[in-house]
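In what follows, every chain begins at residue 1, and chains take the letters A, B, ... in the order their sequences are listed.
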2 protein chains.
Amino acid sequence: MSKISKALDHAEKHCKVSGTRLTEKRKHVLTGLLKSQKALSAYELADFYRNEFNESVPPMSVYRILAFLESENLVHKLHLANKYVACSHISCDHAHEVPQFLICDECSAVKEIGIKKTLIDTLKRNVAQAGYLLKSPQLELHCLCQDCAKQPA
Amino acid sequence: MSKISKALDHAEKHCKVSGTRLTEKRKHVLTGLLKSQKALSAYELADFYRNEFNESVPPMSVYRILAFLESENLVHKLHLANKYVACSHISCDHAHEVPQFLICDECSAVKEIGIKKTLIDTLKRNVAQAGYLLKSPQLELHCLCQDCAKQPA
DNA sequence: TAAGACATGATATATCGTATCATTAACTTT
DNA sequence: AAAGTTAATGATACGATATATCATGTCTTA
Ligand SMILES: [Zn+2]
Ligand SMILES: [Zn+2]
Ligand SMILES: [Zn+2]
Ligand SMILES: [Zn+2]
């Protein structure tokens with residue numbers, strides 16, 4: 001069983017438990033993200049969908065579907081890149097924590113990592129000292145992936 | 001001498017040293033950011049400019065001017081908000097470090113803070129462990145400012 | 001003053017995103 | 001099964017952010 005169908009399987013179960021519906025279209029959008037292995041914009045996903053499934057989907061529907069998938073923690077939005085990625089932990093059983101992302105500025109590759117809680121706590125203290133309240137500790141960092149770091153830009 | 005004219009004065013000197021020109025328009029755009037005390041988009045700045053100086057500027061020029069000001073470290077772009085802020089350290093003499101920003105999601109207030117180097121180093125190590133290269137340690141964090149944290153959203 | 005560099009204006013277009021209303025599909029209740 | 005209700009999707013319009021390109025203007029300097 002491929003990684004992707006395994007993830008879809010988990011997503012299915014997840015939705016059943018949460019009492020929501022993983023429709024065909026939603027499954028297809030998620031498949032697109034899983035296959036692409038990088039961050040895609042809603043419009044890029046609509047294109048992918050059209051090519052992959054020989055069926056066109058209005059970008060507006062993609063937005064709605066992404067919002068749904070995000071609310072189920074199956075997908076994450078990268079606010080820095082205005083793109084979306086499939087969660088790396090769909091097939092994991094543990095509860096989902098606040099995600100941290102490394103985004104390759106060259107090729108949009110994304111790595112979802114766990115950052116030590118102590119580091120986040122330190123960050124929170126830093127923010128509090130400045131009189132602000134940290135709303136979301138989701139970090140998104142401008143990076144280069146291994147491949148892009150090697151090559152001459 | 002007001003804080004703003006002091007900052008403009010410093011900006012002027014800074015540009016003289018770096019051999020660049022702080023033209024009237026560029027000065028006005030910077031003034032807009034200094035006055036606003038919050039992050040503004042290029043288009044918002046164009047509006048501000050029109051009202052403040054009774055002279056219209058095409059948004060495209062604002063973009064170019066912002067790019068210039070950013071290259072001189074007089075202005076920073078917030079990629080998370082797609083807005084721009086005047087640097088808080090224009091009037092400082094020390095060299096400019098990589099900035100970190102706390103952005104109020106409610107009112108666009110922005111605080112430019114210095115985050116301890118040790119924390120950044122830890123972060124860098126985390127990223128390296130994941131096989132990525134941290135391109136810019138500029139952090140932008142979703143926050144609430146003091147005012148907005150108090151009020152019922 | 002003529003040449004070159006730099007700055008700005010003007011226009012078109014790409015990209016990301018929201019708002020709104022209509023239509024269709026699915027689930028619920030009788 | 002039929003009717004009623006809710007959820008999902010389609011369709012259209014529009015707004016905001018951003019880039020690309022070519023034309024025009026302004027400053028500097030020889
Ligand atoms: Zn995740
Ligand atoms: Zn890359
Ligand atoms: Zn600064
Ligand atoms: Zn605020």
Exercise. For the pair made of CG in A:Asp47 and P in C:dA14, what is the distance, rounded to whole Å?
Worked result: 13 Å
For this session: Compute the bend angle of the helix from C:dT1-D:dA30 to C:dT30-D:dA1 from the end axes (five pairs per end), rounded to 10°.
Result: 20°
Exercise. How are the rings of B:Phe48 and B:Phe53 set to each other: parallel, tilted or perpendicular (split at 30° and 60°)?
Worked result: perpendicular
For this session: Please state whether the phosphate of C:dG9, meaning OP1 or OP2, lies under 4.0 angstrom from any side-chain nitrogen or oxygen of B:Lys25.
Result: yes
Exercise. How close or far is atom C1' of D:dT19 from atom CG of B:Leu66, stated in whole angstroms?
Worked result: 14 Å
Exercise. Of the options B:His94, B:His10, B:His14, which is the one that meets B:His89 in a ring pair (Phe, Tyr, Trp, His ring centres under 6.0 Å)?
Worked result: B:His94
For this session: Would you kindly compare B:Met60 and B:Glu24 by the position of their nearest DNA chain C nucleotide and give the one closer to the 5′ end?
Result: B:Glu24
For this session: Scan A:Lys77 against the nucleic acid and name what it touches under 4.0 Å (heavy atoms): base, sugar-phosphate only, or nothing.
Result: sugar-phosphate
For this session: Drop me the distance from B:Ser136's OG to B:Leu134's CG, to the nearest 0.5 angstrom.
Result: 7.0 Å
For this session: Taking only the side-chain nitrogens and oxygens of A:Asn82, find out if one of them lies under 4.0 Å from OP1 or OP2 of C:dT15.
Result: no
Exercise. Within this structure, what is the CG-to-C1' distance between A:Leu69 and D:dA8, rounded to whole angstrom?
Worked result: 13 Å
Problem set entry | Whole-Å gap separating C1' (C:dT8) and CG (B:Leu22) | 15 Å
Problem set entry | Single-linkage hydrophobic cluster A:Val98~A:Val127, side-chain heavy atoms < 4.5 angstrom | no
Exercise. Can you tell me if the side-chain N/O atoms of A:Tyr43 get under 4.0 Å from OP1 or OP2 in C:dC16?
Worked result: no
For this session: Round to the nearest Å and state the distance from B:His79 atom NE2 to C:dC16 atom C1'.
Result: 17 Å
Problem set entry | Any A:Thr23 side-chain nitrogen or oxygen under 4.0 Å from OP1 or OP2 of D:dT9 | yes
Exercise. With sugar-phosphate meaning primed atoms plus P, OP1 and OP2, does A:Arg21 contact a base, only sugar-phosphate, or nothing at under 4.0 Å between heavy atoms?
Worked result: sugar-phosphate
Exercise. Over how many whole Å does the gap from A:Arg64 atom CZ to C:dT18 atom C1' extend?
Worked result: 11 Å
Problem set entry | Integer-rounded Å distance: C:dC16 P and A:Lys83 NZ | 7 Å
Problem set entry | Exercise: identify the closest heavy-atom pair between A:Asn126 and B:Leu119 | ND2-CD1, 4.0 Å
Exercise. Can a salt bridge be assigned to the pair B:Glu97 and B:Lys117 using a cut-off of 4.0 Å between side-chain N and carboxylate O?
Worked result: no
Exercise. If you measure from the Lys or Arg side-chain nitrogens to the Asp or Glu carboxylate oxygens, is any gap between B:Lys6 and B:Asp9 under 4.0 Å?
Worked result: no
Problem set entry | Protein-nucleotide distance (A:Ile65, atom CD1; D:dG10, atom P), rounded to Å | 7 Å
For this session: Would you please confirm or rule out a distance under 4.0 Å between OP1 or OP2 of D:dT9 and any side-chain N or O of A:Arg26?
Result: yes
